[in-house]
Amino acid sequence: MTSSAVPPPVTAVMEAASGWLPSRLAEVERRLAEVAAGHGPELGEEAEATLTAGGKRLRPLLVLICAGADADERAVRAAVAVELVHMATLVHDDVLDGAPVRRGRPTVFARSGRDAAISVGDLLFSRAFAELAVDGGEPEVAELSSASVALALGELAQRRDAYDTSIDEARYLHRCSLKTARLFESACRIGRSASGLPGTEELAGFGREIGLAFQLLDDVLDVTGPVERTGKARGTDLLDGTVTLPLILALPREPQLEEADLRGLDEAEAERLCDLIAATGSLDEVRERARAAIARAKQALEGEAFSDEERRLLGLIADGVVERYS
Ligand code: IPE
Ligand code: IPE
Ligand code: MG
Ligand code: MG
């Protein structure tokens, strides 16, 4: 893959990295295409469509950078596995959220229905773990399994909390840590531990913090749009009943939000509520929390376990998370 073929913030990292990173990410792409292909017309086409719809490939990049320039084939397999788990969870997430659009295209759920989406997600999950079933791959399997369990628990908690405007910030943050931050952490852990280099715990902390920032900003973007940037309509969280931090902070400040019945919203009403949320100033507070998480992430890299290149590349990823969304 050339650096121009990948989306920002990946582009910035690719431009800054020496040759090893683009060529290893290209290997990941090739392997992802192989894995998605060859599952017959029913599941295979949807799996391939999910893959070719793009994606920022942030998690595989984290695996590769944490594994370092001298890593072997195992790092590529781990990067593939983490991205496959990510894709599987997105396909299932779109079933849970009843989402019509992802990455600018109709979701598997919208195109082919609930049953197909569940099966495609299952396929991607199973291929992820098969990818790690190589000699000595047990620790990676255990780590990714634990992250997948956290993701499932996070998604369940989010469904349980649906339409509940009494949930507080701590509950929301707990959900974010399960459904998003944990997989970012895992990407860093798996990459580092396979390399035998020091700093796994610090990188795990780095991953958790940028994952948290990522979800906070994703939830801001759901309110602000624009659609061209997010690949989905404004207010989709409101429409599926997901109460996120922008709304939690806005609720006590805007009586019309307190009075709104989230269950009966149409798209126009969801957009109107997005404007009300934005007018309370809560979005800037959420952005501020995300920036603080990014600062904590960078602090975690201050120790001597890391090379200048590692710090530079991971710093670019951390900045990219903010830039993309601000
Ligand atoms: C989307 O993740 C799901 C969230 C955690 C908000 P990404 O925005 O990384 O998804 P792709 O892979 O780039 O589409
Ligand atoms: C993140 O939650 C999805 C997962 C971590 C599986 P969201 O529901 O906010 O993600 P988007 O907005 O659909 O990408
Ligand atoms: Mg969703
Ligand atoms: Mg979202």
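Whatever order the structure lists them in is the order used to number ligands and atoms, beginning at 1. Everything numeric here is computed off the predicted structure, so don't read it as measured data. No hydrogens, no waters, no symmetry mates; every other heavy atom, side chains included, goes into these values. Sequence positions, counted from 1, serve as the residue numbers for this chain.
Distances below 4.0 Å separate heavy atoms of L90 from the following atoms of ligand 1: 1 (C), 3 (C). Per-residue contacts place E155 under 4.0 angstrom from the following atoms of ligand 2 (heavy atoms of the residue considered): 6 (C). Ligand-side atoms of ligand 1 in range of G55: 11 (P), 12 (O), 13 (O), 14 (O), range being under 4.0 angstrom from any heavy atom. Listed by number with element, the atoms of ligand 2 under 4.0 angstrom from any heavy atom of D218 are 9 (O), 12 (O). For ligand 2, the atoms closer than 4.0 angstrom to any heavy atom of D97 are 8 (O). Using a 4.0 Å cut-off to heavy atoms of T89, the atoms of ligand 2 that qualify are 6 (C).
At least one heavy atom of T180 sits closer than 4.0 Å to an atom of ligand 1. Under a 4.0 angstrom heavy-atom cut-off, D93 registers as lying outside contact with ligand 1. The shell of residues lying under 4.0 angstrom from ligand 1, judged by heavy atoms, includes R59.
For ligand 2, the polar-atom distance check against D94 finds no nitrogen or oxygen pair separated by under 3.5 Å. Looking at K179 next to ligand 2, an N or O pair under 3.5 Å apart turns up.
Distance check for D237 against the Mg ion (ligand 3): none of its N/O/S atoms falls below 2.8 Å. Not a single N/O/S atom of D240, whether from backbone or side chain, sits less than 2.8 Å from the Mg ion (ligand 3).
Between D308 and R311 a salt bridge is recorded (basic side-chain N to carboxylate O distance below 4.0 Å). Of the charged side-chain nitrogens involved, at least one lies within less than 4.0 Å of a carboxylate oxygen, so that E201 and R189 count as a salt-bridged pair. With respect to K56 and E83, no salt bridge is recorded, no charged nitrogen being found less than 4.0 Å from a carboxylate O. The pair E155-K179 does not meet the salt-bridge criterion, since no charged nitrogen lies less than 4.0 angstrom from a carboxylate oxygen. The existence of a salt bridge linking R77 and E140 is excluded, since no basic side-chain nitrogen approaches an acidic carboxylate oxygen closer than 4.0 Å. A salt bridge between D275 and R234 is present, with a side-chain N of the basic residue lying under 4.0 Å from a carboxylate O of the acidic one. Ion pair E27/R30 not flagged as a salt bridge, since none of the NZ, NE, NH1 or NH2 atoms sits closer than 4.0 Å to an Asp/Glu carboxylate oxygen. Under 4.0 Å is where a charged nitrogen must lie from a carboxylate oxygen, and between E143 and R182 at least one such pair does.
Within the set H86, Q215, R103, the minimum heavy-atom distance to atom 4 (C) of ligand 1 is found for Q215.
There is no side-chain donor-acceptor pair under 3.5 Å between T244 and D237.
A donor-acceptor pair is defined here as one N or O able to donate and one able to accept, closer than 3.5 Å; such a pair exists between the side chain of H92 and the backbone of I118. Looking only at distances, no side-chain donor or acceptor of D161 sits under 3.5 Å from a matching main-chain atom of D164.
The atom of D97 that is an N, O or S and sits closest to the Mg ion (ligand 3) is OD2. Restricting D93 to its N, O or S atoms, the one at the least distance from the Mg ion (ligand 3) is OD2.
Note that R208 lies outside the cation-pi zone of F214, set by a 6.0 Å cut-off to the ring centre and a 45° limit from the axis.
Proximity of L58 to ligand 1, defined as any heavy-atom pair under 4.0 Å, is not found for any part of the residue. Using a 4.0 Å cut-off between heavy atoms, M87 makes no contact with ligand 1 at all. Proximity of H92 to ligand 2, defined as any heavy-atom pair under 4.0 Å, is not found for any part of the residue.
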